[in-house]
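Quick caveat, the model's predicted, so the values are computed rather than measured.
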Amino acid sequence: MAICITCTHPISHLYTVYESAYNLRLEQCSKCLKFADPYVEHDSLTLLLDLILLKREVYRHLIYNRGTEPRKALGKSKTGLEGSQEGADKLAATKNRQREKDRWWLILKLACGLITVDAFIRWAQLNPQISADVSRWTVETNIVFLRILIGCLIETFAFHGGVMFASYFVLAFSDFFRSRRSTSPAEISGVRQQFKFSLVPLTIFYSSLTKLFLLFLLTIWRPSASKPGGSPYYWDPSYYSSSFVTRALEIWDEDKLDREWVVRNVLGGMATGFGLRVVLDCHPVFTTVVILVGWLAKTVVAGFLKNWVGGDEHSGDQWMAYSIP
């Protein structure tokens with residue numbers, strides 16, 4: 001069942017289709033009296049931009065409402081399984097199983113694409129000279145890239161496994177605490193009523209789009225540490241008399257600020273925490289614990305993989321630096 005993206009109240013249908021797929025009417029939520037999901041009329045580019053901007057409503061649309069069948073105003077004919085309540089229940093169960101299979105297939109496709117992009121970004125960070133000159137690509141380069149791809153795949157499985165493991169206990173604790181308070185089913189949000197564990201990896205992959213988008217831009221357009229004439233940039237502290245301001249601004253120097261590390265771990269962790277906050281519907285403290293457990297599992301796995309993926313101690317340390325939050 002779909003939910004309202006504003007108040008998460010469960011709703012049977014998001015929109016009604018009349019004579020054609022383009023002639024539709026959005027359904028109104030019975031609780032907040034707003035349109036249940038206006039995103040059904042938006043194109044993929046709008047969804048992608050709002051996803052990068054971390055809008056809560058687009059997460060609810062993609063995770064819970066994507067692929068929901070509309071109500072058809074014409075051509076209603078209840079025959080066979082649709083003629084009785086038992087048949088309707090069986091039909092609904094069949095549709096739910098098919099939707100769950102489609103969701104795992106979507107997770108697999110997102111994993112293949114995003115892990116490959118992540119592997120290319122990590123390879124470009126470890127091999128900046130080769131990534132800037134395609135003519136230097138050799139068979140050995142292919143082997144290095146394949147190792148990095150396998151390393152990213154294993155790290156991703158470790159992170160997702162740690163997050164799902166922590167999510168299970170967080171939700172179990174939340175349900176136990178809710179049962180002690182004797183909360184009625186009507187008070188449970190639609191997010192918790194429609195929750196399935198397949199939504200956790202799907203949310204993580206959606207949340208990683210913001211991080212990978214910025215990292216890909218940093219890979220293509222690397223910041224220059226020198227002026228156009230070739231002379232390096234120097235920080236002139238004479239503009240400010242306060243030593244505190246001077247030291248604070250020195251943090252942004254090229255030799256002290258690692259933009260890739262900040263985007264990958266700080267911004268990526270915040271985006272993942274935001275997405276899990278939407279799907280788990282729990283306190284931000286519990287979401288932070290879930291992220292930390294996933295990071296811990298990822299860090300442990302990265303420690304075993306660093307020498308094999310990097311090939312030498314220096315590259316292994318660089319791989320570890322981008323794996324540890």
Ring centre gap for [X] and [Y] strictly below 6.0 Å:
{"X": "F173", "Y": "F169", "answer": "no"}
{"X": "Y59", "Y": "F274", "answer": "yes"}
{"X": "H160", "Y": "F157", "answer": "no"}

Determine, using the 4.5 Å side-chain heavy-atom cutoff (strictly less than), whether [X] and [Y] are members of one ILVMFWY cluster.
{"X": "V293", "Y": "F159", "value": "no"}
{"X": "L110", "Y": "W105", "value": "no"}
{"X": "F165", "Y": "F197", "value": "yes"}
{"X": "L214", "Y": "V58", "value": "yes"}
{"X": "L51", "Y": "L217", "value": "yes"}

Would you mind reporting whether [Y] and [X] have side-chain heavy atoms less than 4.5 Å apart?
{"X": "L49", "Y": "K55", "value": "no"}
{"X": "E69", "Y": "H13", "value": "no"}
{"X": "T68", "Y": "R99", "value": "yes"}
{"X": "V170", "Y": "C282", "value": "yes"}
{"X": "I150", "Y": "W308", "value": "yes"}
{"X": "V40", "Y": "P70", "value": "no"}
{"X": "C112", "Y": "L108", "value": "yes"}
{"X": "L114", "Y": "L209", "value": "yes"}

Inset, instruction - Anything under 30° is parallel, anything over 60° is perpendicular, the rest tilted; go ahead and classify F145 against W123. - result: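 F145 vs W123 ring planes: perpendicular.
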Nearest-0.5 Å distance, [atom1] of residue [X] to [atom2] of residue [Y]:
{"X": "E27", "Y": "L24", "atom1": "CD", "atom2": "CG", "result": "10.0 Å"}
{"X": "L212", "Y": "I115", "atom1": "CG", "atom2": "CD1", "result": "10.0 Å"}
{"X": "L153", "Y": "I148", "atom1": "CG", "atom2": "CD1", "result": "13.5 Å"}
{"X": "H283", "Y": "T288", "atom1": "NE2", "atom2": "OG1", "result": "9.5 Å"}
{"X": "C29", "Y": "H9", "atom1": "SG", "atom2": "NE2", "result": "5.5 Å"}
{"X": "M270", "Y": "K211", "atom1": "CE", "atom2": "NZ", "result": "14.0 Å"}

Looking at [X], I'd like to know if its [atom1] atom is crowded, meaning that more than 12 non-hydrogen atoms belonging to other residues, nucleotides or ligands lie closer than 6.0 Å.
{"X": "M164", "atom1": "CE", "result": "yes"}
{"X": "Y39", "atom1": "OH", "result": "yes"}
{"X": "R192", "atom1": "CZ", "result": "yes"}
{"X": "F195", "atom1": "CZ", "result": "yes"}
{"X": "Q28", "atom1": "CD", "result": "yes"}

Quick one: closest heavy-atom pair of [X] and [Y], and the distance?
{"X": "L54", "Y": "T210", "value": "CD2-OG1, 3.9 Å"}
{"X": "A271", "Y": "S207", "value": "O-OG, 3.4 Å"}
{"X": "Q194", "Y": "I3", "value": "CG-CG2, 4.0 Å"}
{"X": "L14", "Y": "A2", "value": "CD2-CB, 3.6 Å"}
{"X": "L280", "Y": "S167", "value": "CD1-OG, 3.9 Å"}
{"X": "G273", "Y": "T287", "value": "O-CG2, 3.1 Å"}

Legend entry - R71 vs V17, side chain to side chain contact (heavy atoms under 4.5 Å, CB included): CA-CA, chis, key distance, verdict: CA-CA 6 Å; R71 177 191 289 117; V17 175; over 6 Å; no
Legend entry - Salt-bridge contact R122-E155 (side-chain N to carboxylate O under 4.0 Å):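 Result for this pair is yes, salt bridge flagged.
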Legend entry - Ion pair E57/R60, N-O distance below 4.0 Å: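 Not counted as a salt bridge, because no side-chain N and carboxylate O are separated by less than 4.0 Å.
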Inset, instruction - Show your working on side chain to side chain contact (heavy atoms under 4.5 Å, CB included) between L199 and R103 and close with a plain yes or no. - result: CA-CA 8 Å; L199 299 177; R103 183 181 294 125; 3.3 Å; yes
Legend entry - Pair V279-V191, side chain to side chain contact (heavy atoms under 4.5 Å, CB included): steps then yes or no: CA-CA 7 Å; V279 73; V191 170; 5.5 Å; no
Legend entry - T46-D43 side chain donor-acceptor pair, cut-off 3.5 Å: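 Distance-only check passes for T46 and D43.
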Legend entry - Under 3.5 Å side-chain donor-acceptor pair for R25 and Y18: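 Y18 and R25 do have a side-chain donor-acceptor pair below 3.5 Å.
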Inset, instruction - Assess whether side chain to side chain contact (heavy atoms under 4.5 Å, CB included) is satisfied between T203 and Y206, documenting all intermediate values. - result: CA-CA 5 Å; T203 303; Y206 278 142; 5.7 Å; no
